[in-house]
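Presented below is the structure to which this report refers.
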Amino acid sequence: MPEGVEIEFYRRAAESAVGRTIESVDTPDAWFLKEGATPEAVTAACVGQVIVAARRRGKLLILDLDSGERLGLRFGMTGRLVVDGTAAIAYLEYTTKRSDPKWIRFGLVFNDGGYLVINDPRRLGGVILDPNEDGLGQDVFDVDPATFRSRVLVGDVAVKARLLDQRRIAGVGNLICDETLWRAGIDPARSAGSLSEDEGSKLFETLREVLADFLSDGGSHTGRLHSARVRGGRCPLDGEPLMRREIGGRTTYWCVRHQR
DNA sequence: CTCGACTCCTGTTAGC
DNA sequence: TGCTAACAGGAGTCGA
């Protein structure tokens with residue numbers, strides 16, 4: 001599913017829209033517009049505008065318009081970005097590989113004939129006019145050790161739930177989270193504030209490493225744990241049957257032998 | 001403010 | 001063969 005890494009790929013694809021003028025807006029699914037936005041309002045805000053930047057904060061992709069208004073794009077679990085006919089990423093976990101035109105939820109048409117489209121079978125994504133970016137924590141690609149420690153490694157909540165909390169740091173999804181905890185050897189159910197100095201540093205460094213690997217390998221499904229994240233899966237490190245339980249509201253796989 | 005439980009969405013798949 | 005129920009997870013809401 002799209003996590004911070006995938007949205008970064010989407011952002012890079014959206015950079016090709018920078019400098020282009022929006023001629024029209026396609027809103028086949030008004031439900032996909034969030035936080036009170038209407039087809040009329042989004043159309044009025046976009047038509048005639050030049051996209052001046054494509055930014056990302058966590059899993060939110062932001063298109064800045066030259067009017068100063070901003071278009072926020074969310075992709076939920078199954079949303080894909082298509083720019084000028086080319087999908088921003090080829091593979092997305094947990095969704096169909098097909099691409100059906102009826103799943104197009106939103107589109108921008110440029111005056112040069114090109115276009116930018118969100119295709120989202122399960123409709124968990126959305127488009128927001130002038131989204132609130134301040135509710136999101138520091139982006140996971142930029143987060144510094146001190147912020148990580150003060151925002152994530154605190155309290156009695158499971159460290160997994162902390163990592164997934166977008167208000168604390170933004171961009172970690174379920175697969176990045178499980179892979180990081182697995183590589184760092186930390187039990188996802190441990191309370192976030194219980195990690196030692198060394199464990200906290202290890203977790204931070206491992207997160208950076210996982211992000212770099214996923215970026216270079218093509219997405220959050222490329223982890224070493226990933227193929228074992230199934231019922232009956234075994235730890236790729238030591239062969240121990242993996243535990244499977246919901247933590248932080250998400251299905252979690254981990255190894256009780258080396259994650260402590 | 002914090003935090004867990006619940007809800008939304010629908011294509012796919014396991015099982016009867 | 002055809003049906004149903006379970007499953008996937010990002011994110012918002014609600015009540016304690």
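On a predicted model such as this, the values are computed, not experimentally measured, just so you know. Numbered from 1 within each chain, the chains take letters A, B, ... in sequence-line order.
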Whole Å only: how far is the CG atom of L33(A) from the P atom of dC9(B)? 16 Å
Ignoring the backbone of N174(A), work out which of dG10(C), dC9(B), dG11(B) is nearest its side chain. dG10(C)
Polar side-chain atom of D84(A) near backbone of Y115(A) as donor-acceptor pair, under 3.5 Å: yes
Whole Å only: how far is the CD atom of E246(A) from the C1' atom of dC7(C)? 11 Å
Would you confirm whether H258(A), through its side chain, and W182(A), through its main-chain N or O, come within 3.5 Å as a donor-acceptor pair? yes
Check whether any side-chain N or O of R70(A) sits under 3.5 Å from a backbone N or O of P131(A) as a donor-acceptor pair, and report yes or no. yes
Between E8(A) and R11(A), does any NZ, NE, NH1 or NH2 come within less than 4.0 Å of an OD or OE carboxylate oxygen? yes
Determine: side-chain N/O of R122(A) to OP1/OP2 of dG11(B), distance under 4.0 Å, yes or no. no
Using whole Å, report how far CG of L163(A) lies from C1' of dG10(C). 16 Å
In this structure, how many angstroms lie between the P atom of dG10(C) and the CD1 atom of I169(A), rounded? 13 Å
Do the side chain of R229(A) and the main chain of L225(A) share a donor and acceptor less than 3.5 angstrom apart? no
When the distance from CZ of R231(A) to P of dA14(B) is rounded to whole Å, what number comes out? 11 Å
Could you state the atom-to-atom distance from CG of D120(A) to C1' of dG10(C) in whole Å? 11 Å
Provide, to the nearest angstrom, the distance between the CG atom belonging to D100(A) and the P atom belonging to dT10(B). 13 Å
Please state whether the phosphate of dT10(B), meaning OP1 or OP2, lies under 4.0 angstrom from any side-chain nitrogen or oxygen of W103(A). no
Proximity of F106(A) and F32(A) rings by center, below 6.0 Å: no
Given dG10(C), dA8(C), dT10(B), identify the nucleotide with an atom nearest to the side chain of R123(A). dT10(B)
Taken to the nearest whole Å, CG/N119(A) to P/dT10(B) is 14 Å
Test D139(A) against every option in R57(A), R55(A), K59(A), R56(A) by the salt bridge (charged side-chain N to carboxylate O under 4.0 Å, His left out) rule and name the one that passes. R56(A)
Should we count CG of D112(A) as having more than 12 external heavy atoms under 6.0 Å? yes
For nucleotides 11-14 of chain C, tabulate all protein N/O to nucleotide N/O atom pairs closer than 3.5 Å, reporting atom names and distance.
| residue | atom | partner | partner atom | Å |
| --- | --- | --- | --- | --- |
| dA11(C) | OP1 | R74(A) | NH1 | 2.5 |
| dA11(C) | OP2 | K59(A) | NZ | 3.4 |
| dA11(C) | N7 | R250(A) | NH2 | 3.3 |
| dA11(C) | N6 | R250(A) | NH2 | 3.3 |

Give a yes or no answer on whether the side chain of R151(A) reaches the backbone of R167(A) with a donor-acceptor pair at less than 3.5 Å. yes
Table of protein N/O atoms under 3.5 Å from nucleotides 1-4 of chain B N/O atoms:
| residue | atom | partner | partner atom | Å |
| --- | --- | --- | --- | --- |
| dC3(B) | OP2 | R162(A) | NH1 | 3.0 |
| dC3(B) | OP2 | R162(A) | NH2 | 2.9 |

